[in-house]
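Written out below as structure tokens is the structure these notes cover.
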Amino acid sequence: MSVPSNFDEFLDGIWKQNPIFVMVLGMCPTLAVTVSAVNAISMGLATTFVLGASCLLVSLLRHAIPKQVRIASYILIIATFVTVVDYAIQAISLDLYEALGAYIKLIVANCILLGRAEAHAAKNPPLPATFNAIGMGFGFTLGLFAIGCVREILGAGKLFGISLFGEHFQPWVVMVLPPGGFFVLAGWLIVFAAFEQYKSKRIQGVPS
Amino acid sequence: MSDTKEKQTSSFEMVRALGLVSVICGIIIVGIYQFTLPAADANRKLALERQVFKILPDAKNVVTYYATGKGIIAAQGHDKPPSDAVVFYAVYDSAKKLMGIAAEASSAGYADQVRVLYAYDPEKQVITGIGVISMRETPGIGDRILTDKAFLENFAALDVHLSADLQSLANAVKTVKHGTRSGLWQIDAISGATVTSKAVGRGINESAQALLPRLLPQLDKLRKAS
Amino acid sequence: MNNDTVANILLTTILPGNFVLAMFLGMCPFLGVSQKLSTAVPMGIATAFVILVASVSAYFLNMLLVHFHLEFLSVITFITVIACTVQLVEMFVKKTFPVLFRQLGIYLPLITTNCAVLGVALFQTARNYSFAQSLAYSIGGGAGFTLALILMAGLRERMQLSNVPTLVQGAAISVILGGLLSLSFMGFAGIGGGE
Amino acid sequence: MGTAYSMLVTAAFMACLGGLLAFFLSIASKRLYVYEDPRIDLVEELLPHANCGACGTAGCRNFAEQTVAGQIEPASCTVNTAEQNKHIAALLGVAMGNVEKRVARLACAGGHHVAKMRARYRGLTSCRAASVAGGGGKNCSWGCLGLGDCADVCNFDAIVIDRHGLPVVDLAKCTACGDCVDICPKNLFFIHGVTKKLWIACRNEDEPDAAEAACEVACTACGRCVVDGTPELIRLEKNLAVIDYEKNALDNRVAIERCPTGAIVWFEGGLTFKGKSAKKIIRIESLPAPLEV
Amino acid sequence: MSHTELRAAPHQHSGNDVPVIMRNVVYALLPICVFSVWQYGLSAAALILVVTLACLLAERINNFVSGTASTLSDWSAVITGILLALTLPPSFPLWMGAVAGLSAIWLGKSLFGGLGQNPFNPALIGRAFVQAAFPTAISTWVPAFSLNRFAGFIPTTLTAPFMLPPDIKHWIKLQGLDAFTGATPLARWKFENVAASAMEFLTGQVTACAGETSAILILLCGLYLAVRKFLDWRIPVAVMGSVTLLSWLFHLAQPARYPSPSFMLLSGGLMLGAWFMATDMASSPITPRGIWLYGALIGILTVMIRYFGGLTEGVMYAILIANATAPLLDQFNQPRVLGAKGSKS
Amino acid sequence: MRPISENLNCGLQSSIDMSSFFKKRVATFEHGIHPDYHKETGSLPIQRLPFAPKLYVPLSQHVGKPAIAIVRVGQEVLRGEVIAKADGMFSLPIHAPATGIVEAILPVPSDSGAMEMAIIIRVYQADGQEIRVRNPQNLDGLTGVALAMIMQQIGVAGKGGAVFPTHAKLIPPNGCVIDTLIVNGSECEPFLTCDHRIMVERAQHIMTGIDFARRVCGAPRAIIGVEDNKPDAIAALTAALPGDGSVTVKVVETKYPQGAAETLTYTLLGREVPVGKRSSSIGVVMNNVMTMAYVGKLLPLGEGMTERVVTVAGPAVDRPGNYIVPLGTPLHFLLDSVGAKSRAKEVILGGPMMGIAIASLDTPVTKGVCGVLAFGKKDDTEQRTYPCIHCGKCVKACPKKLNPTQMGMLAAKREYELMADQFFLAECFECGCCSYVCPSHIPLVQQFRVAKSFLKDRKTAA
Ligand SMILES: Cc1cc2nc3c(=O)[nH]c(=O)nc-3n(C[C@H](O)[C@H](O)[C@H](O)COP(=O)(O)O)c2cc1C
Ligand SMILES: Cc1cc2nc3c(=O)[nH]c(=O)nc-3n(C[C@H](O)[C@H](O)[C@H](O)COP(=O)(O)O)c2cc1C
Ligand SMILES: Cc1cc2nc3c(=O)[nH]c(=O)nc-3n(C[C@H](O)[C@H](O)[C@H](O)COP(=O)(O)O)c2cc1C
Ligand SMILES: Cc1cc2nc3c(=O)[nH]c(=O)nc-3n(C[C@H](O)[C@H](O)[C@H](O)CO)c2cc1C
Ligand code: SF4
Ligand code: SF4
Ligand code: SF4
Ligand code: SF4
Ligand code: FES
């Protein structure tokens with residue numbers, strides 16, 4: 001595998017197979033922790049770490065694990081790294097830990113992880129597997145960040161905790177409530193779809 | 001992909017593989033746990049102290065205690081509170097004088113548990129302030145319990161003195177509708193955030209009912225402690 | 001110890017604290033398997049069942065962990081037990097109800113990675129629920145999940161016959177429906193809570 | 001509690017847990033084992049997932065099962081690219097199979113510019129809807145109504161309605177799925193191998209004069225193609241020329257040459273040829289309103 | 001003779017088509033609007049106008065984006081706008097009203113494909129959205145029949161866009177109504193156990209949303225539509241019936257705790273909800289049995305939320321939740337075909 | 001069975017106060033609609049139409065196998081002579097509607113738009129055009145199939161719209177016992193009044209026909225159902241009733257589609273025709289009043305069916321009324337004779353609810369044509385259709401209690417199988433109530449016809 005193809009794997013995860021906007025997976029953290037941009041990024045990076053590390057390990061062990069216990073082993077590996085992240089965050093910042101709540105632990109159950117481990121890492125050598133996983137992770141982070149920004153700006157009038165519109169701004173509380181999460185995600189999905197449509201129209205428009 | 005007829009894996013192989021992965025994972029986890037434990041503990045202690053300083057600004061030293069049915073014991077040396085224990089913190093000032101007790105109260109609010117830390121003045125038998133440990137209440141509504149001056153006024157001296165038999169509060173702490181406070185043991189709710197206000201009142205009441213009867217008789221032990 | 005009554009927990013988890021609509025647990029199957037009523041109902045029931053099993057096993061597993069002072073292993077042990085349970089259920093269904101398996105095929109393994117299942121285990125532990133409380137929590141959670149799934153499936157079946165603009169078709173419209181359902185469920189706020 | 005101790009406990013605990021679960025799983029996997037040829041999944045992955053049924057099976061999964069079982073040849077999936085089908089064949093180690101490409105052919109050439117209308121249909125833009133409302137108003141009651149039901153149902157965008165209100169099949173896109181055949185209320189579409197080159201583009205069974213009055217390109221059953229073509233290849237039936245494809249349809253472009261209306265045509269290289277004597281129609285606009293007979 | 005024309009049977013039509021129905025609903029709403037303006041003055045008028053215009057604007061923009069012909073002429077967006085405005089407090093800032101109108105049409109209707117395709121009541125989606133977005137503003141009430149209501153706007157009305165509305169305690173004092181507590185009858189009952197009298201409701205002497213104040217007027221306007229068959233009478237009957245029955249049972253059991261059925265019927269948004277919002281056909285079931293169940297569900301949920309919920313009023317959420325169940329109610333209550341055995345399809 | 005006086009009373013009552021709300025309501029079915037009736041022609045006596053120069057006599061004027069032509073081009077035919085013979089039991093012979101010469105045998109347009117084979121007769125204009133050929137037979141004591149076979153020879157097909165050969169319909173299928181003959185005099189379609197006039201003018205023929213019909217099907221009783229907007233018909237029928245009480249007249253509510261077989265059976269007997277079955281399975285056979293009148297008139301004389309009464313009406317018709325029209329008369333001649341041809345934009349065979357607009361005025365009048373309606377220019381702005389707004393009005397109008405909303409939405413997505421499998425598509429009798437009430441102008445019935453036609457084509461293809 002040459003470097004450019006690894007890089008393609010990486011880009012795939014960010015754009016063509018973006019876990020949030022294209023595959024629509026990992027929805028729980030996507031909606032739950034994106035009330036602020038910081039939370040979103042932290043969650044995204046934590047997931048990226050778990051994704052990369054576990055895909056690497058799964059790929060290394062892919063010949064050693066019998067089929068019947070495949071899922072269980074992958075889950076074990078993922079859970080290990082999640083626990084690692086969980087404690088790491090506790091050690092780094094308790095505020096962040098509080099903000100992300102149980103969703104750090106729930107990274108285990110994030111469909112993206114098992115999906116990647118099963119569909120990609122278990123079938124590919126370590127290097128591309130890891131690249132792909134990290135790409136996915138960044139794609140996920142990007143998605144979370146996009147949602148987090150909108151929710152924080154409208155919901156609190158702030159970005160990264162910095163007030164944007166002065167103290168008389170009326171926050172749109174709904175944005176930080178559960179429905180707001182849905183709405184912002186849907187908004188991005190529509191923007192994404194519109195963009196894809198525009199692109200495909202452009203391609204079709206070229207006389208063949 | 002080439003061998004299409006998969007062969008049945010033997011049970012032993014499966015047990016071995018899964019067992020091995022489990023053990024490796026377990027060891028990694030213990031490792032990271034042990035490794036991060038000091039930092040996390042330090043963090044937690046820092047956070048606690050920060051909270052305590054907010055409600056008792058002159059505090060210097062915070063000691064964790066457990067109030068059990070049999071008396072109070074210092075947390076030092078126990079890594080786990082006894083099952084029926086109520087955790088509280090004795091707070092001392094720079095002169096090592098016991099300046100107050102802090103304890104946690106929690107109850108279900110509008111969205112989730114509302115956890116607050118309250119300061120108790122054992123001399124006057126009143127609550128002298130509250131701070132929020134964690135909550136997920138609606139910004140702009142529920143979180144006014146942090147910012148609403150009138151609401152915080154309630155806790156300047158919230159009456160929690162014990163009844164004659166020292167078994168319960170003389171007057172249960174209660175949150176009442178905004179503008180209808182009629183006793184020092186009542187909390188005047190924030191209009192528009194009644195649910196959250198009630199959660200605070202309910203939490204404090206529960207915690208005080210459990211803690212104070214055990215605490216008061218043993219106060220001297222704490223005074224002497226440092 | 002937590003003092004919420006069993007009835008309150010049950011009510012809260014079904015309505016105002018609905019796992020899907022208020023807690024964001026189990027979103028992926030909620031968005032993925034709610035296309036048709038005929039698959040949503042079995043999926044809901046299967047998930048509710050796994051949630052129940054997970055909750056019970058997590059309760060006892062946690063007792064064990066506490067006994068050995070191994071609380072830090074909670075995530076890994078819970079999820080492993082859940083994964084194995086799901087795999088067993090999957091094999092069982094495949095053997096005994098091959099037709100159902102064909103319909104649900106790809107979704108069954110999804111239950112493993114359903115946050116709701118792990119969420120129940122983790123939350124009940126974090127909240128120190130007693131056995132009865134855990135049971136109420138898991139039953140309510142499962143019922144709430146199934147309820148949300150069924151409502152969603154009904155709405156989406158209707159959407160299939162409407163003229164949803166192409167841009168919005170697919171994931172976006174389900175997410176919006178989820179949002180509107182969640183908005184509606186805000187009306188239950190306070191039911192089952194306190195007083 | 002020392003680190004070593006807790007390591008030990010953890011290791012022991014995890015080993016027990018892992019072992020126990022693996023044990024359960026292994027028992028279950030034996031007791032509940034269901035064999036399914038893994039190649040079915042692999043083949044299915046290579047299929048286009050159009051589930052159109054053009055191959056004659058009940059969808060792609062069924063096709064995969066049947067190919068693996070050797071009951072159907074990979075090339076029978078006409079929707080798939082040849083490339084993918086080659087992969088399938090290689091995967092299963094079987095022959096590709098040689099299935100002639102088939103496409104949908106339209107048996108009508110009566111666009112608005114050559115065929116008259118009797119009445120103006122108003123209502124749902126759908127051929128079948130028009131056809132249930134008094135036949136649709138076209139003078140030739142067999143002819144294409146041009147409201148595009150076929151274009152509408154074609155999942156492969158292979159049909160466009162041209163400016164004369166006639167569907168035109170894009171041979172490259174057509175997968176012979178047969179949806180247009182089903183939907184057309186006038187039964188004007190037929191699935192045919194591309195190698196069959198002679199074609200009667202008319203279904204009008206009317207008397208010759210009436211047919212020609214209704215549509216300038218109708219088959220008038222003059223019989224010239226019958227005489228010119230290979231013997232027994234073409235015959236007349238109900239005022240229409242009928243080609244017997246059993247008898248070598250590849251034959252003979254001469255059959256079309258003397259057709260007066262151009263109802264019989266010759267397909268070659270993606271183009272459609274009319275005979276030399278066919279009337280040349282240069283009109284573009286629709287025919288004027290009909291007169292009452 | 002030229003072309004004859006071919007049309008499909010039937011060749012006759014009842015004549016009551018969509019614009020006719022919708023226009024009549026607007027006519028029926030006008031008296032309620034007029035009453036509300038008389039009660040609350042300029043602010044109410046401005047609110048109704050702005051919200052309706054926002055709805056029309058949203059609809060038009062949507063036409064523009066999707067490249068379809070204008071759908072303003074079917075009048076449905078006007079209904080959405082007026083109804084939405086009638087469920088907002090009269091002091092609601094206009095910019096928030098505009099947000100409500102836009103979200104009602106876009107979130108509640110356009111995204112699903114426009115007229116008739118929406119599974120939820122658009123007006124209520126708009127209201128639920130702003131209730132969740134601006135919870136403080138939407139529970140700020142002003143007194144009815146204040147003296148200067150036609151002399152100027154309530155200060156909050158003209159809040160600058162995206163800004164917090166000012167405090168109006170001072171303004172209310174100026175109106176000479178010191179005793180005014182800013183609580184709706186439902187809130188007064190829930191937190192102070194004071195039930196308002198039926199007379200207050202019937203004449204609109206209460207603090208509440210712009211259009212929920214004169215129960216009798218709403219009833220009359222609703223009856224007009226029911227008689228002309230522009231709405232399905234089963235829905236209001238089922239809603240009011242189930243509310244009456246349920247609250248009567250509770251009231252019998254504990255009269256001190258639970259108010260009388262007449263209070264439940266007349267207070268809050270129940271009348272407007274039952275007659276004008278639960279009856280929105282796009283979001284309600286179509287089969288007769290489904291409709292009865294739907295109405296009853298709304299009634300039951302309303303009572304439950306009012307009695308046991310954290311919110312004081314539940315009509316809106318009850319309708320929205322019942323909307324969500326409508327497809328299911330339809331599916332499981334198919335009409336029994338003439339000649340078919342059993343009751344299900 | 002009711003005494004005659006009560007029937008009379010009923011009729012009078014409804015004539016005085018038709019929609020009397022507080023008095024006892026007349027029998028009816030659930031759902032349905034009340035369109036504008038336009039029954040002005042009901043008071044005009046039946047007139048005779050002249051013979052057209054050419055008659056187009058299709059070989060298939062009934063459902064079932066088409067008749068087989070037995071004349072050659074150029075052959076002279078006499079009015080009443082059989083010119084095409086029945087092809088089996090479920091077929092009918094065709095009689096020459098006029099004396100003339102066979103000019104050609106060619107396809108002519110039919111109401112479905114397809115071309116159908118017809119015998120074209122050039123009419124001798126100078127001829128007096130009496131019936132020249134009759135074949136009377138002794139009918140005494142004949143019953144059942146034997147009588148039916150003779151009935152077949154007069155070539156009468158159902159006049160209520162379905163055009164089923166009457167003799168075949170009357171023979172009870174194996175294992176069925178017919179206990180009631182329902183005679184359908186409701187004529188619920190707007191505009192149409194031919195049944196009404198027949199009941200007023202030919203009550204006696206109807207009674208004779210009922211007698212024959214009962215002898216074939218073996219029904220001990222017959223009920224004539226008449227809508228309460230035809231008091232004169234009710235009075236005429238009541239006066240003609242046989243004394244034994246075996247035939248009764250029952251007044252039913254004026255409501256569309258009261259006259260459909262399923263609804264009228266339900267109204268009169270409270271019985272529902274089971275899904276997918278014929279009404280004979282519940283012991284009922286139904287015939288139209290005009291069918292009975294023609295049987296009663298023609299059978300004793302042994303005369304073939306050569307003409308029928310047709311309502312010609314509509315806004316574009318100058319001289320609306322009920323006309324006796326020779327079968328095979330092309331519509332352009334008919335419309336010319338009543339002064340409508342120049343103004344007619346849209347011509348409908350049948351009533352406005354179920355009638356079919358025809359594409360060509362060459363289409364001839366056949367045995368099944370009960371009305372010809374001509375409409376002038378409709379306002380050019382097309383009725384704008386809107387998306388279904390889920391008002392459910394169609395559900396509450398459908399007399400068969402189907403779910404047109406759901407079916408309409410499914411049809412728009414071409415889910416035809418689903419409509420048939422889950423929503424009883426086949427049960428829809430295309431009455432048009434749903435389209436009539438739909439505020440969105442959704443052509444529901446047309447959609448259902450499309451669905452049925454698609455499924456039928458698919459079935460025949462398979
Ligand atoms: C979107 C939304 C968020 C809310 N959040 C809170 C909250 O965080 N805390 C709270 O006590 N009530 C909350 N409420 C509840 C209402 O404000 C409720 O009406 C109020 O608590 C009732 O008390 P009141 O009489 O003081 O208005 C919320 C309501 C809505 C609609
Ligand atoms: C038709 C209608 C429906 C309404 N539905 C609701 C509702 O579901 N929830 C709500 O809080 N207010 C609703 N309102 C407004 C309430 O009647 C009431 O004025 C307001 O909720 C009381 O606010 P508070 O309880 O926050 O003090 C509705 C108003 C109308 C006209
Ligand atoms: C919607 C509908 C309306 C009908 N209306 C009448 C009617 O008004 N009068 C009538 O005689 N038959 C009517 N029919 C036909 C009857 O169902 C039935 O076929 C007929 O009365 C049988 O008599 P026949 O065989 O003599 O025609 C209607 C059928 C349908 C489906
Ligand atoms: C009786 C009746 C009630 C209506 N109620 C509402 C309503 O509550 N909210 C709304 O947005 N539109 C309402 N409409 C208008 C219309 O149904 C609505 O805009 C559609 O939901 C748009 O698809 C109503 C229409 C009628 C005829
Ligand atoms: S070929 Fe058939 S379906 Fe296609 S436009 Fe012509 S009539 Fe319609
Ligand atoms: S619908 Fe017709 S044209 Fe389209 S792919 Fe199928 S067979 Fe070809
Ligand atoms: S046409 Fe069919 S669906 Fe419509 S009302 Fe009549 S029977 Fe019902
Ligand atoms: S009458 Fe028309 S708009 Fe109303 S439900 Fe039926 S199809 Fe829809
Ligand atoms: S992330 Fe929670 S179910 Fe997928």
Side-chain angles (χ1 to χ4, degrees), chain A residues 20-34 68-83 86-87 101-115 118 174 177-194 196-197, chain C residues 18-32 72-84 86-87 90-91 109-119 121-123 125-126 165-186:
Chain A
I20 294 184
F21 298 131
V22 180
M23 306 207 299
V24 199
L25 287 178
M27 286 294 115
C28 305
T30 304
L31 293 168
V33 301
T34 49
Q68 286 84 349
V69 292
R70 196 181 65 215
I71 305 251
S73 324
Y74 298 161
I75 287 273
L76 273 170
I77 293 170
I78 295 168
T80 307
F81 288 109
V82 168
T83 315
D86 193 37
Y87 283 107
Y103 293 93
I104 284 288
K105 293 197 175 93
L106 289 177
I107 292 179
V108 186
N110 188 325
C111 329
I112 302 172
L113 283 133
L114 196 63
E118 181 66 336
V174 67
L177 298 176
F182 283 103
F183 296 147
V184 176
L185 172 62
W188 279 116
L189 282 172
I190 294 171
V191 169
F192 216 80
E196 289 287 317
Q197 199 182 47
Chain C
N18 187 289
F19 273 18
V20 184
L21 299 171
M23 305 288 285
F24 290 128
L25 294 174
M27 290 308 301
C28 300
F30 174 66
L31 294 176
F72 51 86
L73 287 182
S74 59
V75 174
I76 190 166
T77 51
F78 290 174
I79 191 71
T80 321
V81 170
I82 291 170
C84 291
V86 173
Q87 210 172 348
E90 188 188 341
M91 289 181 189
L110 267 183
I111 301 180
T112 316
T113 52
N114 183 333
C115 304
V117 181
L118 183 63
L122 291 175
F123 283 127
T125 313
T166 34
L167 270 190
V168 192
Q169 270 165 17
I173 197 70
S174 349
V175 174
I176 287 167
L177 281 174
L180 295 182
L181 264 181
S182 160
L183 198 61
S184 313
F185 266 57
M186 282 177 59

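Quick caveat, the model's predicted, so the values are computed rather than measured. Order of the sequence lines sets the chain letters (A, B, ...), proteins ahead of strands, with each chain counted from 1.
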Using non-hydrogen atoms only, which part of C:L31 is less than 4.5 Å away from chain A: side chain, backbone, both, or neither? side chain

What residue in A:L25, A:V24, A:L76 has the most heavy-atom pairs under 4.5 Å with chain C? A:L76

Which answer fits C:A83, side chain, backbone, both or neither, if we ask what part of it has an atom under 4.5 Å from a heavy atom of chain A? side chain

Examine whether an atom of C:F72 lies under 4.5 Å from a heavy atom of chain A, and if so say whether it belongs to the side chain, the backbone or both; otherwise answer neither. both

Less than 4.5 Å to any heavy atom of chain A: does that hold for the side chain of C:L122, its backbone, both, or neither? side chain

Could you look at C:S174 and say if it's the side chain, the backbone, both or neither that has a heavy atom under 4.5 Å from chain A? neither

Quick one, C:T125 and C:F78 - any side-chain contact, counting heavy atoms below 4.5 Å? yes

Of all the heavy-atom pairs spanning A:N110 and A:G26, show the shortest one and how long it is. OD1-CA, 3.2 Å

Most heavy-atom pairs under 4.5 angstrom with chain C, which of A:A79, A:C28, A:A186? A:C28

Which atoms of C:L180 are under 4.5 Å from chain A, going by heavy atoms: the side chain, the backbone, both sets, or neither? both

Quick one: side chain to side chain donor-acceptor pair (under 3.5 Å) partners of A:T30, sequence neighbours excluded? none

Check whether any side-chain heavy atom of C:N18 lies under 4.5 Å from a side-chain heavy atom of C:M23, and answer yes or no. no

Pick one of side chain, backbone, both or neither for A:Y87, based on which atoms fall under 4.5 Å of a heavy atom in chain C. side chain

Salt bridge (Lys or Arg N to Asp or Glu O under 4.0 Å): pairs with one or both residues in residues 103-113 of chain A, sequence neighbours excluded: A:D86-A:K105

At a heavy-atom separation under 4.5 Å, does A:Y103 approach chain C through its side chain, its backbone, both, or neither? side chain

Would you mind checking which part of C:C115 comes under 4.5 Å of any heavy atom in chain A, side chain (CB onward), backbone (N, CA, C, O), both or neither? both

Which atoms of A:T80 are under 4.5 Å from chain C, going by heavy atoms: the side chain, the backbone, both sets, or neither? both

Gap separating the CG atom of C:L21 from the CE atom of C:M27, nearest 0.5 angstrom: 7.5 Å

For C:M186 against A:P179, the heavy-atom pair lying closest together: SD-CG, 3.7 Å

Do any N or O atoms from the side chain of C:S182 and from the backbone of C:G178 form a donor-acceptor pair under 3.5 angstrom? no

Look at the rings of A:F182 and C:F30 and say which category their plane angle falls in: under 30° parallel, 30 to 60° tilted, over 60° perpendicular. perpendicular

Against chain C, work out which of A:G180, A:A193, A:G187, A:A32 has the most heavy-atom pairs shorter than 4.5 Å and name it. A:A32

